Amino acid sequence: MPVNPFDQKAPPSFYDSVFEVTRQIPFGRITTYGAIADYLALGSARMVGWALNKSFYGAQVPAHRVVNRKGELSGRVHFPTPTMMEELLIQEGVEVENNQIKHFRELLWIPAENLPPIDPGK
DNA sequence: ATTGTGACATACG
DNA sequence: CCGTATGCCACAA
């Protein structure tokens, strides 16, 4: 299924994986690019942010719940407005201070520890 | 095929 | 803490 309503071409499977995991992030929780990359065995966290960037258009992906390893809202500049990411998090009860998640360690939700392992190859 | 580009992460000084 | 360097890998041109 297409992720981008404006793009009718078949969606890259790579993106789909990232979106799917991102959608699993519980309300009020957050995760990191690295954690997602690790879960998907991508080997590179760059792919995650990059895929997430593309997702923005049509997919209902809570990209605001994904931050870098420091708990910073590094992707905020890619939202419609620079403050949107923080606002969304606050709406979920996540405290943000100076573009950084408070209680980051406690709110961190690691896919690899909460989702079933992926079948490699099949 | 080659090059450039990242919403990252880690290591080093 | 900060800046630099390097690894990482899918994708667009």
Side-chain angles (χ1 to χ4, degrees):
Chain A
M1 58 184 134
V3 255
N4 183 341
F6 301 104
D7 184 4
Q8 299 182 9
K9 300 175 69 175
S13 56
F14 174 75
Y15 297 141
D16 259 352
S17 302
V18 177
F19 303 158
E20 205 167 323
V21 174
T22 305
R23 268 184 233 130
Q24 311 305 312
I25 305 173
F27 187 94
R29 300 293 297 279
I30 50 92
T31 192
T32 69
Y33 302 97
I36 295 176
D38 183 63
Y39 173 68
L40 293 175
L42 294 177
S44 176
R46 283 189 172 192
M47 314 290 99
V48 180
W50 185 44
L52 232 43
N53 181 298
K54 268 243 167 192
S55 82
F56 213 89
Y57 283 118
Q60 303 164 9
V61 178
H64 58 277
R65 296 185 189 143
V66 185
V67 298
N68 66 10
R69 79 176 180 101
K70 303 177 217 164
E72 295 174 328
L73 283 53
S74 53
R76 82 202 135 109
V77 296
H78 293 270
F79 282 76
T81 68
T83 55
M84 184 174 176
M85 187 173 184
E86 180 175 335
E87 294 296 321
L88 287 171
L89 286 170
I90 291 176
Q91 284 179 33
E92 299 190 0
V94 178
E95 298 177 70
V96 179
E97 181 177 324
N98 195 18
N99 297 321
Q100 188 172 321
I101 306 279
K102 297 181 71 175
H103 314 300
F104 168 64
R105 191 84 190 216
E106 304 168 34
L107 294 175
L108 181 59
W109 182 86
I110 302 174
E113 296 179 357
N114 294 280
L115 292 178
I118 300 177
D119 266 333
K122 290 245 173 89

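First the proteins, then the strands, lettered A, B, ... as listed; each starts at 1. Computed from a prediction, not measured in an experiment: that's the story for all the values here.
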[X] [atom1] to [N] [atom2]: how many Å, rounded?
{"X": "A:Y15", "N": "B:dG6", "atom1": "OH", "atom2": "P", "answer": "13 Å"}
{"X": "A:L40", "N": "C:dC9", "atom1": "CG", "atom2": "P", "answer": "14 Å"}
{"X": "A:N53", "N": "B:dT5", "atom1": "CG", "atom2": "P", "answer": "15 Å"}
{"X": "A:N98", "N": "C:dC1", "atom1": "CG", "atom2": "C1'", "answer": "14 Å"}
{"X": "A:H78", "N": "B:dT5", "atom1": "NE2", "atom2": "C1'", "answer": "12 Å"}
{"X": "A:K54", "N": "B:dT5", "atom1": "NZ", "atom2": "P", "answer": "17 Å"}

Checklist entry - Using a cut-off of 4.0 Å on non-hydrogen atoms, how would the nucleic acid contact of A:L73 be classed: base, sugar-phosphate, or nothing? => result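 The answer is nothing, as A:L73 stays clear of every strand by at least 4.0 Å.
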Table of protein N/O atoms under 3.5 Å from nucleotides 10-13 of chain B N/O atoms:
unit_1: B:dT10; atom_1: OP2; unit_2: A:R69; atom_2: NE; d: 3.4

When you measure from the side chain of [X], which nucleotide among [options] comes out closest?
{"X": "A:Y33", "options": "B:dA7, B:dG6, C:dC11", "answer": "B:dA7"}
{"X": "A:M47", "options": "C:dA10, B:dA9, B:dA7", "answer": "C:dA10"}
{"X": "A:N68", "options": "B:dA9, B:dG6, B:dA7", "answer": "B:dA9"}

Checklist entry - Say you pick atom C1' in C:dA13 and the same atom in B:dA7; how far apart are they, in whole Å? => result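 Per the computed distance, 22 Å lies between those C1' atoms.
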Checklist entry - Can you pull the salt bridge (Lys or Arg N to Asp or Glu O under 4.0 Å) pairs that have at least one residue in residues 97-108 of chain A, sequence neighbours excluded? => result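 Those involving residues 97-108 of chain A are A:E95-A:K102, A:E97-A:K102.
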Item to check | salt bridge (Lys or Arg N to Asp or Glu O under 4.0 Å) contacts in which one or both residues fall within residues 71-86 of chain A, not counting sequence neighbours | outcome: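 Non-adjacent pairs meeting salt bridge (Lys or Arg N to Asp or Glu O under 4.0 Å): A:K70-A:E72.
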Checklist entry - Got A:Y39 and A:T31 here, is their nearest side-chain heavy-atom distance under 4.5 Å? => result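 A:Y39 does not reach A:T31 side chain to side chain.
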Checklist entry - Does the side chain of A:V18 reach to within under 4.5 Å of the side chain of A:Y33, using non-hydrogen atoms? => result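 In short, these two side chains do not touch, never coming nearer than 4.5 Å.
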Checklist entry - Is the number of heavy atoms from other residues, nucleotides or ligands under 6.0 Å of A:E20 CD greater than 12? => result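 It does not: A:E20 CD has 12 such atoms or fewer within range.
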Next on the checklist: For A:G34 and A:W50, find the nucleotide of DNA chain B closest to each by heavy atoms; which residue's nucleotide sits nearer the 5' end?
Outcome noted: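 The residue whose closest nucleotide sits nearer the 5' end is A:W50.
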Item to check | For A:E92, all residues meeting salt bridge (Lys or Arg N to Asp or Glu O under 4.0 Å), sequence neighbours excluded | outcome: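 With sequence neighbours excluded, A:E92 shows a salt bridge (Lys or Arg N to Asp or Glu O under 4.0 Å) to A:R65, given in chain and number order.
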Checklist entry - Distance-only, no hydrogens or angles: does the A:D38 side chain make a donor-acceptor pair with backbone N or O of A:G34 under 3.5 Å? => result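 It does not hold such a pair.
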Check: protein-nucleotides 5-7 of chain C nitrogen or oxygen pairs below 3.5 Å:
unit_1: C:dG7; atom_1: O6; unit_2: A:R46; atom_2: NH2; d: 2.5

Checklist entry - How would you list, by chain and number, every residue that makes a side-chain contact (heavy atoms from CB on, under 4.5 Å) with A:A41, sequence neighbours excluded? => result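 Partners of A:A41 by the side-chain contact (heavy atoms from CB on, under 4.5 Å) criterion come out as none, since no residue qualifies.
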Checklist entry - Hey, mind stepping through A:T32 and A:N68 against side-chain contact (heavy atoms from CB on, under 4.5 Å) and telling me if it holds? => result CA-CA 5 Å; A:T32 69; A:N68 66 10; over 6 Å; no
